[in-house]
Amino acid sequence: TVSLGLASDGGSKKSGESRQHLTNQPTGGSPIPTLSEDDAKRVEELEEKMVALRKEGKYVQAIPLAQDVLTIRRRAQGDAWWETTDAERLVATLKHFSALPDDARSELAKSYRLETVVEEHLAGGRFNEALSVAGQVRDLRKRHLGGEHAEVAQAIHNTAVVLRAV
């Protein structure tokens, strides 16, 4: 299947990239902070569980998993590393989602399930269908989170990815 590397996948694309034990250095000369193999495996497992929980609307149950990921990343990569700040954002997002009314939580869960449909349509060459569903994802998130939330921005980005494929 085609993967958009969606925000809802717990950042698995990003984690996969971090599992590569990079030896190059950024401009500042500091080594790129990577996770050990054990930490990377644990983060991947936690993220897979979080994806499933988000698709089910079980945000409260996903919070401890997100906090575990954050703890691992802080220890291994430091507070300022982008994957650590992404993990902090995810914890805050899950807490926000868990405080929403039942209907909003349900529709947000639906938006995460629909991302899989978008990927299936793309993989099958059904670009117009993929675009329509990507628009639904964007609209559901915008309705419940407002236009400034990172999850809405990710949905807009994913819609652009689909448009590019069309």
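Under a 4.0 Å N-O distance rule, the pair Glu120/Arg126 does not qualify as a salt bridge. No salt bridge links Lys142 with Glu151; every basic N to acidic carboxylate O contact stays at or beyond 4.0 Å.
Cluster annotation: Ile72 and Leu70 are assigned to distinct hydrophobic clusters (Ile/Leu/Val/Met/Phe/Trp/Tyr, side-chain heavy-atom contacts under 4.5 Å, transitive). Under a hydrophobic clustering in which Ile, Leu, Val, Met, Phe, Trp and Tyr are joined whenever their side-chain heavy atoms come within less than 4.5 Å, directly or via other members, Leu100 and Val91 fall into different clusters.
The CZ atom of Arg54 sits 9.0 Å away from the CG atom of Leu108 when rounded to the nearest 0.5 Å. In this structure, Arg141 CZ and His149 NE2 are separated by 10.0 Å, a value rounded to the nearest 0.5 Å. Rounded to the nearest 0.5 Å, atoms CZ (Arg74) and OG1 (Thr85) are 10.5 Å apart. Taking NZ from Lys49 and CG from Asp68, the interatomic distance works out to 9.5 Å, rounded to the nearest 0.5 Å. Separation of atoms OG (Ser98) and CD (Gln61) is listed at 9.5 Å; rounding is to 0.5 Å. Rounding to the nearest 0.5 Å places CG of Leu94 at 7.5 Å from CE of Met50.
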Report task. I would like to know whether Val117 and Gln136 meet side-chain contact (heavy atoms from CB on, under 4.5 Å); could you show each step before the answer? Result -> CA-CA 11 Å; Val117 175; Gln136 290 175 41; over 6 Å; no
Requested in this report: Please assess Leu114 against Leu140 for the test side-chain contact (heavy atoms from CB on, under 4.5 Å), listing each intermediate value before the final yes or no.
Outcome: CA-CA 10 Å; Leu114 286 174; Leu140 285 169; 4.0 Å; yes
Report task. Applying side-chain contact (heavy atoms from CB on, under 4.5 Å), run through Val162 and Leu122 and close with a yes or a no. Result -> CA-CA 8 Å; Val162 174; Leu122 282 175; 4.0 Å; yes
Requested in this report: Start with the C-alpha distance between Glu129 and Val118, add both sets of side-chain angles, then the distance that settles side-chain contact (heavy atoms from CB on, under 4.5 Å), and finish with yes or no.
Outcome: CA-CA 8 Å; Glu129 292 89 343; Val118 171; over 6 Å; no
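Side chains of Thr93 and Tyr59 form no contact here, defined as non-hydrogen atoms less than 4.5 Å apart. Annotation: side chain of Glu37 is not in contact with side chain of Lys41 (no heavy-atom distance under 4.5 Å). Within the 4.5 Å cutoff, no side-chain heavy atoms of Lys110 are placed close to those of Val137.
In this structure, the side chain of Thr159 engages the main chain of Ala155 through a donor-acceptor pair within 3.5 Å. At least one donor-acceptor pair closer than 3.5 Å links the side chain of Thr71 to the backbone N or O of Gln67. In this structure, the side chain of Arg138 does not engage the main chain of Ile156 through any donor-acceptor pair within 3.5 Å.
Using a 3.5 Å distance cut-off with no hydrogens or angles, the side chains of Thr116 and Lys55 do pair a donor with an acceptor.
Using cut-offs of 30° and 60° for the angle between ring planes, the Phe97 and Tyr112 rings count as tilted.
Here the shortest heavy-atom pairing between Ala87 and Val69 reads CB-CG1, 4.2 Å. Summarising the geometry of Ala76 relative to Pro33, their closest heavy-atom pair is O-CB, 4.1 Å, with the distance given to 0.1 Å.
Put simply, the residue from Arg73, Arg75, Arg89 that forms a side chain to side chain contact (heavy atoms under 4.5 Å, CB included) with Thr84 is Arg73.
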